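Take a look at the structure set out below.
We name chains A, B, ... by the order of the sequence lines, and we start the count at 1 in each one. Here the structure is a predicted model, which means the values were calculated and not measured.
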2 protein chains.
Amino acid sequence: MTTIRDVAREAGVSIATVSRALRDPAIVKPDTRAKVLETAERLQFRPSHLGRQLAERRHAAAGVVFPDLSGPYYADVVMGYESVAAEVGRSVLISSTRGRADVEKQVTDMAGRCDGLVILGPAVPEPLVQHLKATGTHLVLVARPADAGIDSVSTAATSSATALVRHLLDDGARTFVFVGDPAAGPDVADRHAAVSQALAASGEQTRMSILPVDDLDETNGRRAADALLHDTTGTRTPHCDPSSTLPDAVVCANDELALGLLARLTEAGQEHRVRVTGWDDVMAARWAGLTTVRQPMRELGATAARLLEEQLDGTRTAPRHELLDTELVVRTSSTLLGKEPA
Amino acid sequence: MTTIRDVAREAGVSIATVSRALRDPAIVKPDTRAKVLETAERLQFRPSHLGRQLAERRHAAAGVVFPDLSGPYYADVVMGYESVAAEVGRSVLISSTRGRADVEKQVTDMAGRCDGLVILGPAVPEPLVQHLKATGTHLVLVARPADAGIDSVSTAATSSATALVRHLLDDGARTFVFVGDPAAGPDVADRHAAVSQALAASGEQTRMSILPVDDLDETNGRRAADALLHDTTGTRTPHCDPSSTLPDAVVCANDELALGLLARLTEAGQEHRVRVTGWDDVMAARWAGLTTVRQPMRELGATAARLLEEQLDGTRTAPRHELLDTELVVRTSSTLLGKEPA
DNA sequence: CTGAAAGCGCTTACAG
DNA sequence: CTGAAAGCGCTTACAG
C-alpha cells in the first residue's frame, strides 16, 4: 500500500506538506501543491482512513441499531438515514438486535466504532440507552419514547387518528373495537390514546372497547376476527360487553393484525359487515385495500441523520425533539358503502 | 477517555502487559492478569478500535453495497449477511447506490474502510468491479453474473422454472407469454432462458412469446395486461403472433410486474381467463395469491458473509461460486381450476 | 509557506 | 513473564 511517506519522498516534500496539500489547498504554495497532487495521483495514493481517524479522533461514521430489517418499516428508515449520511460523508454501520443475546456488548462495541448512534424503536432496552447517555455517546432516538435529554424523532398519531375517526364516523360507524394491547408498548398505547381522544373529541355518541393481543402479527389478527365473530354468535369473550354484536369498526394497532383479521373475515364471508383499519401502510396493505396510517419512514431516518450531524459538529447542544406527521390513507376496507349489505 | 496508558499506570505495569492480558490471557502471569483486568474493569476501559485497527492493519469490518433497501429483497439479504457477520465479530457498513452520481468515489471510499466488500446485484457497474478486483479488494458478488476470479453467490432458476412449467402444463396451459425483456439484464435473461428451456424439455407442444417491458414495475405490469387484452380484441401489438388471443399463461419476470398485471386483469374482469406467475415472492404476492418463485434471500447474505470470512482469514484462496436453489410457491393465480369459466 | 516532531491508542517483535 | 521501543498512517501545533 502506498502511504503518505511514499508520496512525500517521491514529491520531495515532507509528509506534513502532503497532508496539507491534500486537505487544505489554500495553505500550500500552488507549485508545491501541484507537485504533490500529481505525485499522489501517479502513485494512486488513497489516504488511510484509519490513520486519519486516529489522528483526528473521529470515526466519520455513525451506527444505526434496529430490531430487524424484514418488513419495510426499518429498512426505509435506514434508507432515509443513509442517503443523508452519504451526503455529508459519514459512513453507516448497522446492527440488528432481534434474537441477539448480547445486545449490550453488541451496542457498546458499535458505539466504540462510531461518532454517534441512532436507535430505532425498541431495538435497545431502556437501561442501555441510559448507560450510553451517561457515558457521553451521541444519540438519536427514532420512533421510541423520548428522553428529555436525548435528541429524538417520532411520528404524531394525533392528526391521523382524528382523520381516521372522522372518516369512520362519516361512514356511519358508532361502535369500535381497538385490537392491540395499549399496555404492551408505547406505540400501541400512543395509537390507542390518539384514537380514544379523537372519538371523545368528535362529539358523537360512541363506544370503543379493547381487544388485547400480545404479538401484532397476522395470526393474532385472525384470532381477533374469530373472537369478534364468536361474540355475535353468543359465545362471550371477556373483552366485550356481553350484549355486543360485531362492532361497526375495528381499528387495529398495525397492518399485520388488520390483514390477518381481514383475511379471516373474508373467509367467513363477513368482511362486508365491519370496517377495518390498520396502521403503518406496509406494502401488502395496498393490495388488500386496507385503510391505514402511513408513517414518513424515510423522513424519520433523514431527520435522525440531520439531528446527529448537528450534535457532532457542535452546531447545537440543547436536545431537540422532532415530531413528524402521519397521513391517513383511505382504501376500501374502512367503508361499508358499496359493499353487500348484511 | 481512558486509554491503555491509564490502565497501565494504575495497575503498575507496562502498556504491553495490559494489551497482552486483555488479548491473550495465557501469556501473562495469573496475578498480573487479574490485577490488570480488575483495573481495566474499574476504570471502565474500552480499548479503542481505531488504535487497535491501525496497529493490526485490519478494519474488522465489511461493506455491503446494494441498489436500494426498499422492497424486501436486498433488505433480507443484508439481514442474512449481518447475522453471520455479527457472529464472527465483524462490523457491517452499508451503502446504497441508487440515484447516486458518484458511485465510484462512494465505493472506493468504502473499500478503504473495510477489509472486504459484498456487492449485491447491479449496485455497482462492472468496470468498477474489475477495478476493485485489480486493486486487490476482497470481494463477494451476490445475485450478479459471476466473474471467474471473484467469489460469488447466486440463485439457480433452473429447478424452479422446471417446476413452474410443469405446474402450468398440468393445469392445461400450452401458450405462454413471458413479460420482461431478456436483453435488459442478466436476471431477466436468466429467468427467461430457464423457462424457455423447461418448456422445450417438457416434450409438450408449446409456444412462448416475449412481451418486453423496460422497468419491472407495476405500471408496466398494467400496461402489459392492456397489451394482452388488446390483442384479443383485434388490435395488433408487435410482440405477438397476429392470430393470438389471450395466452394460457403469463410468466412475469418479477412479482411487481405480475401484481400490476393481475390487478389490471381483475379490473377488466378477465383474471379468470389467464394464469399468471411472478418471481421473487415479495410480501404482497402472498396477499394477491400470486404463484411465484422464492429466492433464499437471507441465505444469500449469510453465504456471502461466509465466503468473505474465508477470504479474509486466508482459509481459502481459490475463488468459489455458490449456487443456491429457489423454490416454487404455488398459490391461486397460476391455475384456472375452480375459477369462473371464460 | 514548509519541516521536524509529537501525538492519536493500540500491537508486537525484540531483549532481558 | 514483562518492559522499552518501534511502528501502524495519518494530523497539527510549533518553529522557522
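When the nucleotides dT2(C), dC10(C), dT12(D) are ranked by their closest atom to the side chain of I15(B), dC10(C) comes out on top. Residue R57(B) has its side chain nearest to dC8(D) when only dC8(D), dA4(D), dC10(C) are considered. With distances taken from any side-chain atom of E56(B) to the nucleotides dC10(C), dT12(C), dG3(C), the minimum falls on dT12(C). Of the candidates dT2(C), dA4(D), dA5(C), dA5(C) carries the atom nearest the A16(A) side chain, counting heavy atoms from C-beta on. Listed nucleotides: dC1(D), dC1(C), dT11(D). Nearest to the side chain of T32(A): dC1(C). Out of dC10(C), dC10(D), dC1(D), the shortest distance to the side chain of A55(A) is found at dC10(D). Minimum atom distance to the side chain of T3(A) is reached by dC10(D), of the listed dC10(D), dT12(D), dG3(D).
Checking the phosphate oxygens (OP1, OP2) of dG9(C), no side-chain nitrogen or oxygen of R46(B) falls inside 4.0 Å. The phosphate of dT12(C) has neither OP1 nor OP2 within less than 4.0 Å of any side-chain N or O from R20(B). Close to dG3(D), at under 4.0 Å from its OP1 or OP2, lies a side-chain N or O of S14(B). At the phosphate of dC8(D), neither OP1 nor OP2 sits under 4.0 Å from any side-chain N or O atom of R52(B). The phosphate of dC10(C) (OP1 or OP2) has no side-chain N or O of S19(B) nearer than 4.0 angstrom.
For the residue pair D109(A) / H49(B), a side-chain donor-acceptor distance below 3.5 Å is found, with atom types taken as modelled. Side-chain contact of T303(B) with E322(B): a donor-acceptor pair under 3.5 Å is absent, judged by distance alone.
Distance CG (L50(B)) to C1' (dG9(D)): 11 Å, rounded to an integer number of Å. As a whole-Å value, the separation of I27(A) CD1 from dC14(D) C1' is 14 Å. The nearest whole Å value for the distance from the NZ atom in K35(A) to the C1' atom in dG3(C) is 13 Å. Per the geometry, CZ belonging to R113(B) stands 15 Å off C1' belonging to dG9(D), to the nearest Å. Separating the CG atom of L54(A) from the C1' atom of dT11(D) is a distance of 10 Å, rounded to the nearest angstrom.
Across dT2(C) and dA6(C), the matching P atoms stand 22 Å from one another, rounded to whole Å. For the P atoms, the distance linking dC14(D) with dC10(D) amounts to 24 Å, nearest Å. For dT12(D) and dG16(D), the C1' atoms lie 16 Å apart once the distance is rounded to whole Å.
Using a 4.0 Å cut-off between charged side-chain N and carboxylate O, E10(B) and R5(B) make no salt bridge. Using a 4.0 Å cut-off between a side-chain N of Lys or Arg and a carboxylate O of Asp or Glu, E310(A) and R306(A) do not qualify as a salt bridge.
A donor-acceptor pair under 3.5 Å is absent between the side-chain atoms of H59(B) and the main chain of L50(A), judged by distance alone. A donor-acceptor pair under 3.5 Å links the side-chain atoms of D115(B) to the main chain of A61(B), judged by distance alone.
Looking at heavy-atom distances under 4.0 Å, T17(A) makes contact with sugar-phosphate atoms alone, never a base.
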